[in-house]
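Notes follow once the structure below has been shown.
Below, all heavy atoms of this structure are taken into account, side chains as well, without hydrogens, waters or symmetry copies. Whatever order the structure lists ligands and atoms in, that order sets their numbers, starting from 1.
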Amino acid sequence: MIPVIYIPGDSGALALGADKVAKAIQAELKARGKEARIVRNGSRGAYFLEPMVEVQTEKGRIAYGPVKPSDVKSMFDAGLLTGGYHKRWLGAPDKIPFFAKQTRLTFARCGVIDPLSLDAYRMNGGLSGLKKAVAMTPADIVKTVTDSGLRGRGGAGFPTGIKWKTVLDTAGDRKYIVCNADEGDSATFADRMIMEGDPFVLIEGMAIAGIATGATKGFVYIRSEYPHAVDKMRRAVEVARQGGVLGATVLGSPNAFDIEIRVGAGAYVCGEETSLLNSLEGKRGVVRAKPPLPAIQGLFGRPTVINNVISLASVPIIMDKGPAFYKDFGMGRSRGTIPIQIAGNVKHGGLFETAFGLTLGEIVDDIGGGTATGRPVKAVQVGGPLGAYFPRALFDTPFDYEAFAGKDGLIGHAGITVFDDTADMLKQARFAMEFCAIESCGKCTPCRIGSTRGVETIDRISAGIEPQKNIELVTDLCNTMKFGSLCALGGFTPYPVMSAINHFPEDFRPHAVAEAAE
Ligand SMILES: Cc1cc2nc3c(=O)[nH]c(=O)nc-3n(C[C@H](O)[C@H](O)[C@H](O)COP(=O)(O)O)c2cc1C
Ligand code: SF4
């Protein structure tokens, strides 16, 4: 048996030197006259262990990491090809605590298989959901998704089944499935990991959505900063066409469905669904007023499902194992699992898929291992640039849509950014306003003008000019933005700003005054 060595080709692992490690392994094989099959898999998501190399042995897979090119020679000396012990030896990947504690449903194959091998996908449970879907009525597929309790993972948490039902029930000469892979939130990389590590699960999810709603064409809108994901998705679509998964007869059924990959132009607001539709149509990425909902009048005026990558990639397992299986995980109205992306100043950064319900403290302290600097955690921003900053006092909040909303926060796309006690929350509040000013599409006044006035007012607080009066002014401005903005860019920027003011008032003492007092 030729040994198989897995070296991630995921862009996070590449950034950490995976290609150099691959070259060193190939050179060492050649020098030693040994043979091995090298598979460039995705990442399993423990970025603190990347590049994580795995070798298939008779007793199962053995992982090593983080591997440097300079480790390779001694790894071979230690018997890499048979899983021999070395200082980078991590043992069986499933037993590594970061993975052992997870519930991997959507990410079950990510980092495990060759992302472009349809056979490997099939052998590891892939296409079972689609096989069931082609034998069902569209209404039954929609009911299955509705009953699973799946809610959109892009940020708004809208029930996926209800969205699909609206498209199914709306007449149209053409309908579309649009996958939102713009993934603009800070600290998020779940969509990228799926597209690079298990692209067929997304393709399968989109095909199921097409059959469920009567759509025959799908688009994946991927941010331009993800060239590796674009390449993987393009190649995977081609393989899926060759394999009869896409095309005129999906898995030999009478259903037609095909997918086109499109690349965004680099605007955060193009992740907002209506702006994304404009961009897909070749127009400027400006937000459209709703109604009409995209489900009624979406891409090119046709009924359109727009879903996030993770929402769509979660559908195959729901179809395969049934709605009750999926719904059994989670808490309250947050059902199933959620891939939490832990980033920022944190020791164990990476993707952690788990049922809803872990507390923020468990995620940051136990799983994340606290800060990378070793200093105390001061704040955690949950939900991307529009999410609130949570202080330690709120670390008992369970990861659940309603629990976070109840604490004036949001889960968003489940990215969390950790900050240590050197973070200046006034600067973070200013950054939120500045981000909104830069990224605003300009359609409505509270966001376009309000964000710029917000930056100026926070600068006045910082300079010690009538601080109390200006804090009140920012609060008033945030209320106007929250209730008067057309979309969540202007509407949610108040979350990071107000949470910084409310939870960290000491940072809003004028800097000039604070410095004088010291
Ligand atoms: C400013 C802004 C940016 C957004 N960016 C994204 C994004 O990058 N990816 C995403 O899936 N949803 C994003 N959304 C949410 C989408 O508008 C939409 O709710 C989502 O694509 C629907 O899919 P889902 O129901 O599967 O979550 C954004 C929303 C706003 C207001
Ligand atoms: S809130 Fe901002 S981004 Fe959204 S529509 Fe208004 S101007 Fe555009």
Per-atom filter on ligand 1: closer than 4.0 angstrom to a heavy atom of Asp182 are 8 (O)
Among non-hydrogen protein atoms, atom 6 (Fe) of ligand 2 lies closest to Cys444 SG, 2.2 Å
Check: Glu353 side chain, Gln102 main-chain N or O, donor-acceptor pair, under 3.5 Å: no
So the atoms of ligand 2 within less than 4.0 Å of a heavy atom of Val269 turn out to be 3 (S)
For Leu489, the ligand 2 atoms with a heavy-atom partner under 4.0 Å come out as 3 (S)
Measuring centre to centre across the rings, with the benzene-like ring taken for any Trp, is Phe390 within less than 6.0 Å of Phe395?
no
Correct closest heavy-atom pair for Pro115 and Phe200 would be O-CE1, 3.3 Å
of all protein heavy atoms, closest to atom 3 (C) of ligand 1 is Glu272 N, 3.6 Å
State whether the shortest distance between N or O atoms of Gly154 and N or O atoms of ligand 1 falls below 3.5 angstrom.
yes
### Query
Can we say Arg241 and Glu238 salt-bridge, meaning some charged N sits less than 4.0 Å from an Asp/Glu carboxylate O?
yes
Quiz item: So is there a nitrogen or oxygen of Tyr268 less than 3.5 Å from a nitrogen or oxygen in ligand 1?
Solution: no
Can you classify the ring geometry of Phe431 versus Phe435 as parallel (below 30°), tilted (30 to 60°) or perpendicular (above 60°)?
tilted
What one should report as the nearest heavy-atom pair of Glu50 and Arg44 is OE2-N, 4.1 Å
Would you say ligand 1 has an N or O under 3.5 Å from any N or O of Glu183? yes
Below 3.5 Å, can you tabulate the donor-acceptor pairs from side chains in residues 309-319 to any protein atom, sequence neighbours excluded?
residue, atom, partner, partner atom, Å
Ser311, OG, Arg153, N, 2.9
Ser314, OG, Thr106, OG1, 3.0
Ser314, OG, Ile310, O, 2.7

Note: ligand 2 atoms sitting under 4.0 Å from heavy atoms of Ser440 are 2 (Fe), 7 (S)
Do the rings of Tyr176 and Phe219 sit parallel, tilted or perpendicular, given the 30° and 60° boundaries?
-> tilted
Between Lys378 and Asp507, does any NZ, NE, NH1 or NH2 come within less than 4.0 Å of an OD or OE carboxylate oxygen? yes
*4.0 Å heavy-atom contact, Lys163 with ligand 1*: yes
Check your understanding: Does the cation-pi check pass for Lys482 over Tyr495, that is, NZ or CZ under 6.0 Å from the six-membered ring centre and within 45° of its axis?
Key -> yes
At under 4.0 Å between heavy atoms, what of Ser311 touches ligand 1? The answer is side chain
Got an N/O contact under 3.5 Å between Gly184 and ligand 1?
yes
Q) For ligand 1, is there an N or O atom under 3.5 Å from any N or O atom of Cys487? A) no
**Tyr226 six-ring centre to Arg223 NZ/CZ under 6.0 Å and within 45° of normal** = yes
_Looking only at the side chains, is there a donor atom on one of Tyr268 and Asp182 sitting less than 3.5 Å from an acceptor on the other?_
no
Atoms of ligand 1 under 4.0 Å from any heavy atom of Arg153, numbered from 1 in the order shown, are 26 (O), 27 (O)
Gly442 heavy atoms within 4.0 Å reach ligand 2 at atoms 7 (S), 8 (Fe)
Please state whether the rings of Tyr401 and Phe356 are parallel, tilted or perpendicular, taking 30° and 60° as the class boundaries.
tilted
In this structure, atom 2 (Fe) of ligand 2 is nearest to the protein heavy atom Cys447 SG, 2.3 Å
Per-atom filter on ligand 2: closer than 4.0 angstrom to a heavy atom of Ser485 are 1 (S)
Numbered in order shown, the ligand 2 atoms found under 4.0 Å of a heavy atom of Gly490 are 1 (S)
Closest to atom 7 (C) of ligand 1 among protein heavy atoms sits Asn180 OD1, 3.7 Å
| Basic-acidic side-chain contact under 4.0 Å: Arg192, Asp10 | yes
#### Entry: Close N or O approach (Glu273, ligand 1; < 3.5 Å)
yes
Looking only at distances, please establish whether an N/O atom of ligand 1 is found under 3.5 Å from an N/O atom of Asn308. yes
The protein heavy atom nearest to atom 28 (C) of ligand 1 is Gly271 O, 3.4 Å
Looking at Cys487, Cys441, Ser275, the heavy atom closest to atom 8 (Fe) of ligand 2 belongs to Cys441
